[in-house]
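All chains are named by letter (A, B, ...) in the order of the sequence lines, taking the proteins before the strands, and each is independently numbered beginning at 1. Because the structure is a prediction, the values reported are computed rather than measured.
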There are 2 protein chains.
Amino acid sequence: MEQKQKSELTKELILNESFKLFYKEGFKTTSVDKIMKATKLTKGAFYHHYKSKKELGLEVISTKIQKRVYDGMITPLYQDGNALKLLETTFSGRIKSFSLYDKQHGCPMNNFINEIADEEEAYQIALKRIIEEWKAALIHLLERGKLENSINKDISSNAVAIYLISAFEGIRGIRKLYNDDQVIDDYILGLSLYLKQLEP
Amino acid sequence: MEQKQKSELTKELILNESFKLFYKEGFKTTSVDKIMKATKLTKGAFYHHYKSKKELGLEVISTKIQKRVYDGMITPLYQDGNALKLLETTFSGRIKSFSLYDKQHGCPMNNFINEIADEEEAYQIALKRIIEEWKAALIHLLERGKLENSINKDISSNAVAIYLISAFEGIRGIRKLYNDDQVIDDYILGLSLYLKQLEP
DNA sequence: AAAATAAAATACTAAGTAGTATGTTTTTGT
DNA sequence: ACAAAAACATACTACTTAGTATTTTATTTT
């Protein structure tokens, strides 16, 4: 069983270095050579574990990126407490928590979406899965809020969920253009204004 | 003066084909060779008119992409009429007007932002210029609305402008993941809900 | 019409690309 | 301890990349 563990460890190493490099330099412009140089292994090791760069890309999406979005934006939505407050703290808190590096490089998922989603259906599907889970969590929370009378019953949970996600992903891109947090502060203000109107 | 015209025409041809290819396949993965094959000219012609691919990229941003955003999203904001209605028709109308191709490939500006804005300051500056103009137009319209009592004086024009832009750019990316317009319809609903709250 | 200049073509370089073929080393089951 | 298999290394292929050097063709200026 030691060999299997070692194999898993190597795959994880490749996955980690890939994610870092894809995030920093983009998927298409990060070569397999560069990745393997980062792992201090060789190309032979790579093609022993992965059949292609595409397969690696899909695995980075379905593990690393998925986990990042889950931990940061989805799991928190299933906490207890006032629905509206939960939305505010999750979105606002998350964006405030980003490091400078993360602000400068945007959202890893959004980068993937905009770089390669229109090129291969497989990427599209893998990324859509994450968005759908995020959307479902938001809808679930909004519906709970409606039941508990903390959210206006007349609004469309679907529409609000999509609008929240869009604005969040959008600002992660826009922020790349600036050298300060003004746009993020504006976003946070815009968000809280938006959420206020969801009150009953 | 005929030579100068011919030169201009060639540059425009290169610019047009570049824009199309960058939009379809991304900036970094579109080679100069591919572009010149599309123009039916040769590499010699390219490097006679542009000193590098980077220079071309910057010119595509400051001409083609800028014009696209101006025509579609900025100029319409300076029309007469109720400010809130103008916002609704501009945003909602624009997104409804996109061809299937444009929906599948997202926003050319947003693609550039997410693909290369964090790599070169020059790209950052060129793209930021467009966003700033867009933001200024929105703020101007919102302030006019406040004066004319069609928009709530208590809201921050800055924050609303950024939130509108973020959500719009965000949805252009998200739409790439889907094969139908459901998310766009949700976005439009979310937008109109958002705009409603701007009323005095 | 000749000289000068601009536009474009041809042929190249040096470096990078994904992926393969064939080794060697390490681990595992017997 | 030994054969089999898994993990990894080395060396390669065929192709693409941005950019350059040099030449040919078209246009303008004198």
Requested in this report: Please list, by residue number, the residues of residues 111-126 of chain A whose heavy atoms come closer than 4.0 Å to an atom of DNA chain D; answer none if no residue qualifies.
Outcome: none

Query raised in the report: What's the CD1-P distance between B:I35 and D:dT16, to the nearest Å?
Result: 16 Å

Requested in this report: Run the salt-bridge test on B:E17 and B:K20 with the 4.0 Å N-O cut-off and return the result as yes or no.
Outcome: yes

Report summary line: Here the side chain to side chain donor-acceptor pair (under 3.5 Å) pairs for residues 130-142 of chain A, sequence neighbours left out, are A:Y70-A:E133, A:E132-B:Y178, A:K135-A:N158

Query raised in the report: Using a distance-only test with no angle check, is there a side-chain donor-acceptor pair under 3.5 angstrom linking B:T30 and B:E25?
Result: no

Query raised in the report: OP1 or OP2 of D:dC8 less than 4.0 angstrom from a side-chain nitrogen or oxygen of A:T10, does that happen here?
Result: yes

Query raised in the report: Parallel, tilted or perpendicular: which describes the rings of A:F168 and A:F98, with under 30° parallel and over 60° perpendicular?
Result: tilted

Query - B:E25 CD - D:dT17 C1' separation (whole Å) - result: 15 Å

Report task. Nearest whole angstrom, please: distance from the P of D:dT17 to the NZ of B:K37. Result -> 10 Å

Report summary line: For nucleotides 10-21 of chain C, 5' to 3', base contacts (B), sugar-phosphate-only contacts (S) and non-contacts (-) with protein non-hydrogen atoms under 4.0 Å give B------SBBB-

Query raised in the report: Is the Lys NZ or Arg CZ of B:K11 less than 6.0 Å from the centre of B:Y50's six-membered ring, within 45° of the axis?
Result: yes

Query raised in the report: Taking 4.0 angstrom as the limit, do B:K85 and B:E88 come out as a salt bridge?
Result: no

Query raised in the report: Considering the options A:T10, A:T39, A:L56, which one meets the side-chain contact (heavy atoms from CB on, under 4.5 Å) requirement together with A:L15?
Result: A:L56

Query raised in the report: Going by the angle between their ring planes, with limits at 30° and 60°, are B:Y194 and B:Y163 parallel, tilted or perpendicular?
Result: tilted

Query raised in the report: Quick one: is B:H48 getting a side-chain N or O under 4.0 Å of the C:dA7 phosphate, OP1 or OP2?
Result: yes

Query raised in the report: Is the number of heavy atoms from other residues, nucleotides or ligands under 6.0 Å of A:R94 CZ greater than 12?
Result: yes

Requested in this report: Would you mind reading off the distance between B:L9 atom CG and C:dA6 atom P, rounded to a whole angstrom?
Outcome: 19 Å

Query raised in the report: Hey, does the side chain of B:H49 come within less than 4.0 Å of C:dA6's phosphate (OP1/OP2), counting only N and O?
Result: no

Query raised in the report: To the nearest angstrom, how far is B:E12 atom CD from C:dA7 atom P?
Result: 15 Å

